[in-house]
Amino acid sequence: MSNNSSSNYHHGNLREELLTQAEKHLLDGGVNELSLRALAREIGVSQTAPYRHFKDKNALLAALATEGFSRLLEVLNSASTDDPIDDLMKLGIAYVHFAQENTEIFRLMFGPVLLPRKQYTELFAAGREAFYHVQSIIERGAKMGVFGKDDIPSMAHTAWAGVHGVATLILDHGDSFGYYHDLESQAEKSLRIIVEGLKYHPPVSAPAA
């Protein structure tokens, strides 16, 4: 098949094919191994064709990270029940499993490659949507009298930071994080402590003059 016919054939789904191939490269060799021109050769389109969809490699990576947040949100939504404490526990476990099963995408979503994220509108919005999912659970729990009510956004940030920390420790330091317990049990214990801490939110003291 000639390059022209191949380019025409792939025109309708080129963006999706680029993302699929990029994810494969990400899993195999990391961010540095990605190249729009190399991806174009693999797919069988002209080397300029990818630039119709992505202005550069980082734009492609941002789209890949955005897709990662969409997958994460699907996982978090599947953990929803009617109990805010149970919700946060299930959310935390789901978050940890997502990080373990999608490690390279997870690192791309939260790592330094795409900073500052506000320059990638869709990526920034996807990240905020995932955060608001956490915040909505805490808001519901506060209305039910389960969690404190002083500063719900800060509580949501704290919960997110704790869950993310557990996930990151498992990925980067699993040998020490799970020293006394298996990783699953240790993750659940750590997440339980985080969730229990949200039941009481002490007032923040004013900074000293």
Side-chain angles (χ1 to χ4, degrees), residues 23-24 26-28 30-31 61 64-115 117 123-124 126-202:
E23 184 169 358
K24 290 179 181 177
L26 190 66
L27 296 176
D28 292 339
V31 171
L61 292 174
L64 202 55
T66 302
E67 172 62 25
F69 272 110
S70 295
R71 296 177 194 172
L72 174 60
L73 196 57
E74 287 182 9
V75 170
L76 299 186
N77 283 328
S78 69
S80 296
T81 68
D82 293 326
D83 181 346
I85 293 178
D86 194 37
D87 271 5
L88 282 182
M89 281 299 300
K90 287 185 176 180
L91 180 148
I93 294 296
Y95 191 99
V96 169
H97 286 169
F98 177 88
Q100 291 175 299
E101 295 165 8
N102 304 271
T103 301
E104 295 306 321
I105 292 292
F106 183 80
R107 294 190 192 284
L108 179 63
M109 290 160 59
F110 296 102
V113 173
L114 297 171
L115 294 177
R117 284 180 180 75
L123 173 59
F124 184 75
R128 295 303 291 175
E129 186 176 358
F131 168 75
Y132 288 140
H133 181 78
V134 178
Q135 182 170 295
S136 68
I137 295 175
I138 294 176
E139 286 177 343
R140 178 158 48 87
K143 290 178 181 177
M144 295 169 63
V146 175
F147 300 136
K149 301 180 180 179
D150 292 333
D151 187 347
I152 290 175
S154 291
M155 293 171 69
H157 278 114
T158 300
W160 185 293
V163 170
H164 186 79
V166 170
T168 303
L169 281 171
I170 287 177
L171 293 182
D172 296 338
H173 304 284
D175 54 343
S176 57
F177 179 79
Y179 185 75
Y180 294 106
H181 307 275
D182 64 273
L183 288 179
E184 185 80 13
S185 297
Q186 184 61 59
E188 186 170 350
K189 182 177 180 180
S190 298
L191 293 169
R192 176 66 65 185
I193 292 170
I194 293 167
V195 172
E196 288 295 317
L198 295 174
K199 291 182 178 180
Y200 172 67
H201 181 222

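Model, not experiment: these values are computed from the prediction.
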_Counting neighbours of CD on Glu104 that are heavy atoms of other residues, nucleotides or ligands and sit closer than 6.0 Å, is the number greater than 12?_
yes

*What is the distance from atom CG of Leu72 to atom OH of Tyr95, rounded to the nearest 0.5 Å?*
6.5 Å

*Only one of Glu74, Glu129, Met109 forms a side chain to side chain contact (heavy atoms under 4.5 Å, CB included) with Phe69, so which one is it?*
Met109

*Just do the side-chain contact (heavy atoms from CB on, under 4.5 Å) check on Leu91 and His133 with the steps written out, would you?*
CA-CA 10 Å; Leu91 180 148; His133 181 78; 3.5 Å; yes

*How close do Asp151 and Ser154 get, heavy atom to heavy atom, and via which atoms?*
OD2-OG, 2.8 Å

*Measure the CG-CD1 distance between Leu198 and Ile193 for me, rounded to the nearest 0.5 Å.*
12.5 Å

*Kindly indicate, with the supporting measurements, whether the criterion side-chain contact (heavy atoms from CB on, under 4.5 Å) is fulfilled by Gln186 and Val166.*
CA-CA 9 Å; Gln186 184 61 59; Val166 170; over 6 Å; no

*Say you draw a straight line from CD1 of Ile170 to OG1 of Thr103; how long is it, rounded to the nearest 0.5 Å?*
10.5 Å

*Taking C-beta and beyond as the side chain, do His164 and Phe106 meet within less than 4.5 Å on heavy atoms?*
yes

*Hey, could you give me the CG/CG distance between Leu61 and Leu108, rounded to the nearest 0.5 Å?*
5.5 Å

_Shortest non-hydrogen contact between Glu23 and Ile105, atoms and distance_ = OE2-CG1, 3.9 Å

*Within-4.5 Å side-chain heavy-atom neighbours: Arg128 and Gln135*: no

*Show the numbers, then the answer: is there a side-chain contact (heavy atoms from CB on, under 4.5 Å) between Leu26 and Arg107?*
CA-CA 10 Å; Leu26 190 66; Arg107 294 190 192 284; over 6 Å; no

*asked:* Quick check: closest heavy atoms across Val134 and Ala159, and the distance to 0.1 Å?
replied: CG1-CB, 4.4 Å

_Backbone N/O of Gly165 and side chain of Thr168: donor-acceptor pair under 3.5 Å_ = no

*asked:* Using every non-hydrogen atom in the two residues, find where Ala156 and Ile138 come nearest and quote the distance to one decimal.
replied: CA-CD1, 3.5 Å

*Given Lys90 and Asp83, is the salt bridge (Lys or Arg N to Asp or Glu O under 4.0 Å) satisfied, shown in steps?*
CA-CA 10 Å; Lys90 287 185 176 180; Asp83 181 346; over 6 Å; no

*Is the shortest side-chain N to carboxylate O distance from Glu67 to Arg71 below 4.0 Å?*
yes

*Could you give the distance from CD1 (Ile152) to CD (Glu139), rounded to the nearest 0.5 Å?*
5.0 Å

*Answer yes or no: is there a side-chain heavy-atom contact under 4.5 Å between Ile85 and Phe147?*
yes

*What's the shortest heavy-atom distance between Met144 and Asp82, and which atoms?*
CE-O, 4.4 Å

*Closest approach of Pro153 to Phe131 (non-hydrogen atoms, all atoms of both residues)*: O-CZ, 3.9 Å

